[in-house]
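A quick write-up on the structure given underneath.
Positions are given from 1 along the sequence. These numbers come from a predicted model, not from an experiment.
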Amino acid sequence: MCMYIEFVIVDNFLLTYLAGAAATRLCHNKISVLRLSAASAVGTITAVFYPFLPSGLGVTLSVKIALFVTLCVIMYYKTPRPGVGGMMFLGCTFALGGACYAVNATFFQGTDRFCEYMRACPVFSVVCISAAVYAGIRYFIMRMRVPRARAPYEYGTEVTVFGTKMTFSAFLDTGNCVFDGKSGLPVVITDIDRFTDKLDGAAAVEFAKQLPKLRKMYAETHGGKAEIYLIEPTRITVYSDRHGHKINAMVGLIGGGRKFVGSHEMLLCSAALTEGV
């Protein structure tokens with residue numbers, strides 16, 4: 001009995017935590033480690049006392065549904081799209097549990113061999129299989145989030161500056177003919193608020209230090225004369241379909257409280273894409 005409880009604690013806590021973490025990334029939510037740990041603890045406690053529950057299909061379904069709802073409330077209460085998060089969590093739970101079952105059924109066929117293996121190293125098997133599936137989900141998410149073209153003039157754009165990689169939804173603006181007079185490079189333009197929102201803590205501090213030193217230029221826009229701060233990025237990559245292309249350009253930040261409207265976060269200069277894409 002003691003071995004059963006130890007196995008159930010490690011097994012269920014790990015699977016619930018990894019399923020919740022994977023679902024969180026899939027639905028683009030931000031959930032604290034405390035929430036994930038609390039949900040994992042509740043699922044583990046339920047699993048420990050599960051054998052003592054009355055038998056019967058109705059009782060089993062009721063407990064599982066109640067547990068699922070409880071875990072979803074703990075993890076996704078007051079988060080964007082809680083229903084999507086719950087469905088993602090359910091799918092990831094099936095994926096992790098199914099992977100463990102498939103590996104054991106494939107490589108340890110037969111009841112005797114399976115039981116012998118599980119008695120020898122149960123925690124190790126669950127940890128390895130679950131970690132492998134979680135890593136696969138993370139890789140899948142990364143590939144699915146690669147910025148790519150959504151229309152002939154829309155590009156995903158990655159800008160690396162101050163050690164931070166930022167992703168923008170960019171529009172190829174044929175009217176953007178802004179060039180940096182000193183370097184001669186074309187300028188891709190975004191507003192300063194969107195830019196700073198994408199910086200992490202260390203990069204934001206570095207940007208604040210560099211802001212007074214940044215070169216400025218002025219350009220005529222539909223809204224009048226705009227003040228633009230110029231930053232030389234470490235790298236700019238635009239994505240056409242699923243293929244990334246490095247371009248040489250400066251990043252221009254529009255100040256003065258001006259903000260881009262709509263879904264586009266950056267205006268690309270056609271001259272910057274002539275050779276890059």
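Once rounded to the nearest 0.5 Å, the distance linking NZ of K198 with CG of D200 reads 13.0 Å. Remark: D193 CG to D197 CG distance equals 6.5 Å, nearest 0.5 Å. To the nearest 0.5 Å, atom SG of residue C269 and atom CD1 of residue I247 are 9.0 Å apart. If you take OH on Y229 and CE on M250, they are separated by 15.0 Å, rounding to the nearest 0.5 Å. With rounding to the nearest 0.5 angstrom, the CG atom of L214 is 13.0 Å from the CD1 atom of I228.
T70 meets the side-chain contact (heavy atoms from CB on, under 4.5 Å) test with V42, I74; sequence neighbours excluded. For D180, the side chain to side chain donor-acceptor pair (under 3.5 Å) partners at least two apart in sequence or on another chain are S183, R215. Scanning for side-chain contact (heavy atoms from CB on, under 4.5 Å) contacts around V84 gives C27, R81, M88, with sequence neighbours left out. Residues passing the salt bridge (charged side-chain N to carboxylate O under 4.0 Å, His left out) test with K64, sequence neighbours excluded: none. Taking K213 as the reference, Q210 meet the side-chain contact (heavy atoms from CB on, under 4.5 Å) condition, with sequence neighbours excluded.
A heavy-atom distance below 4.5 Å is found between the side chains of L199 and M166. For the pair S37 and Y17, the minimum side-chain heavy-atom distance is below 4.5 Å. Residues D191 and L253 form no side-chain contact, since every pair of their non-hydrogen atoms from C-beta on lies 4.5 Å or further apart. At least one side-chain heavy atom of I189 sits less than 4.5 Å from a side-chain heavy atom of I254. By the 4.5 Å heavy-atom criterion applied to side chains, I65 and V63 are not counted as neighbours. Side chains of F89 and M75 form a contact here, defined as non-hydrogen atoms less than 4.5 Å apart. Residues M217 and V178 have side chains in contact (heavy-atom distance under 4.5 Å, counting atoms from C-beta outward).
When every heavy atom of F179 is checked against every heavy atom of G184, the shortest pair comes out as CD2-O, 3.6 Å. Listed here is the closest heavy atom pair of A203 and T164: CB-OG1, 3.1 Å. Between T157 and A170, the shortest heavy-atom contact is OG1-CB, 3.3 Å. Taking each heavy atom of G86 and C72 in turn, the nearest pair found is CA-SG, 3.7 Å. Taking every heavy atom of both residues into account, Y239 and E158 meet most closely at OH-OE1, 3.0 Å. Contact between Y218 and E227 at its shortest, heavy atoms only, is OH-OE2, 3.3 Å.
The main-chain N or O of F13 is never found under 3.5 Å from a side-chain atom of T16 such that the two would form a donor-acceptor pair. Looking only at distances, no side-chain donor or acceptor of R194 sits under 3.5 Å from a matching main-chain atom of M266.
Tested against D173 for a side chain to side chain contact (heavy atoms under 4.5 Å, CB included), the candidates L268, L267, V188 yield a single pass: L267.
Aromatic rings from F207 and F195 are positioned such that their centres are separated by under 6.0 Å.
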Counting only pairs under 3.5 Å, give me each side-chain donor-acceptor contact of residues 230-237, with atom names and distances, residues two or more places apart or in other chains.
unit_1	atom_1	unit_2	atom_2	d
R235	NE	T237	OG1	3.1

